[in-house]
Amino acid sequence: QVQLVESGGGLVQAGGSLRLSCAVSGRTVSSYAMGWFRQAPGKEREFVSRISHIEWSGSTSYYADSVKGRFTISRDNAKNTVYLQMNSLKPEDTAVYYCAATGRSWRGSTEAGEYDYWGQGTQVTVSS
C-alpha cells in the first residue's frame with residue numbers, strides 16, 4: 001500500500017520561504033509521477049506543480065502560473081521523497097498543501113482526478 005506523508009508546513013511572513021516534503025512509502029517514488037496541489041478555505045483544490053516519472057523523456061516539471069518562478073519541485077529517489085521549495089511567499093499562497101502520486105501517466109497531470117494516492121496535507125500560512 002502506497003502512503004504519502006507531507007511535512008514542512010507552517011507560518012511564515014510574506015516574502016519568506018518554506019520547503020515542503022512528501023515522503024513516499026510502499027513503493028519507490030521513482031515509480032510515479034508526482035504532483036502538489038493546494039486548497040484554500042472555501043476554494044477548490046488547485047494544481048501547483050508536477051514532476052514526471054523518471055522515464056519521461058520530455059520536460060520533467062511544470063508549474064501553475066501563479067507559482068512559476070517562485071516554487072521549485074524536485075525529487076530525491078534515494079530518500080523516496082518529493083520536495084516543493086517555496087520562495088517569495090505571498091498571503092494568497094495560504095492553503096493546505098497536498099502531494100499526490102499517479103501511475104497512470106509518466107508525464108503527470110494538472111488534474112487532481114488523475115492521481116491515485118494522496119497525502120493528508122500540510123498547512124501553509126503566509127502572513128502579510
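Between P91 and A14, the shortest heavy-atom contact is CD-CB, 4.1 Å. Among all heavy-atom pairs drawn from G103 and D116, the shortest one is N-OD2, 3.0 Å.
Cluster annotation: F47 is not connected to Y83 through the hydrophobic network of ILVMFWY side chains, with a link wherever side-chain heavy atoms come within less than 4.5 Å.
Side-chain atoms of E6 come within 3.5 Å of backbone N or O of G121 as a donor-acceptor pair. Under a 3.5 Å cut-off, the side chain of Q13 and the backbone N or O of S128 do not form any donor-acceptor pair. Remark: the backbone N or O of G9 is paired with a side-chain donor or acceptor of T122 at under 3.5 angstrom. For Y32 (side chain) and A100 (main-chain N/O), no donor-acceptor pair under 3.5 Å exists by modelled atom type.
Side-chain contact between M86 and Y97: present, with at least one pair of heavy atoms (C-beta onward) separated by less than 4.5 Å. Looking at heavy atoms from C-beta onward, L89 lies in side-chain contact with L18 at the 4.5 angstrom threshold. With contacts defined as side-chain heavy-atom distances shorter than 4.5 Å, the pair R38/R45 does not qualify. Side-chain atoms of N77 and T28, non-hydrogen and from C-beta on, never get closer than 4.5 Å to each other. The side-chain heavy atoms of T72 and Y63, taken from C-beta on, include a pair separated by under 4.5 Å. For the pair L4 and M34, the minimum side-chain heavy-atom distance is below 4.5 Å. Side chains of C99 and W36 form a contact here, defined as non-hydrogen atoms less than 4.5 Å apart. Inter-residue side-chain proximity for S25 and V2 is flagged as unmet; no heavy-atom pair is nearer than 4.5 Å.
For R107 and S109, the side-chain atoms include no donor-acceptor pair closer than 3.5 Å. Looking at R50 and Y62, their side chains never bring a donor and an acceptor atom within 3.5 Å of each other. Side-chain polar atoms of T94 and E92 form no donor-acceptor pair below 3.5 angstrom.
Atom CZ of F71 sits about 7.5 Å away from atom OG of S66, to the nearest 0.5 Å. With rounding to the nearest 0.5 Å, the separation of CG in N87 from OG in S17 is 3.5 Å. The structure places CD1 of I73 at 9.0 Å from OG of S52, a figure rounded to the nearest 0.5 Å. Atom CD of Q3 is separated from atom CD of Q120 by 10.0 Å, given to the nearest 0.5 angstrom. Between atom OG of residue S7 and atom CG of residue L20 there is a gap of 8.0 Å, rounded to the nearest 0.5 Å.
Identified under the salt bridge (Lys or Arg N to Asp or Glu O under 4.0 Å) test for residues 75-85, with sequence neighbours left out: none.
Using a cutoff of 4.0 Å between basic side-chain nitrogens and carboxylate oxygens, D93 and K90 are not scored as salt-bridged.
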- prompt: T102 and S105: side chain to side chain donor-acceptor pair (under 3.5 Å), yes or no, with the steps?
  reply: CA-CA 7 Å; T102 178; S105 165; over 6 Å; no
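Ring centroids of Y98 and F37 are separated by 6.0 Å or more, keeping the two rings apart.
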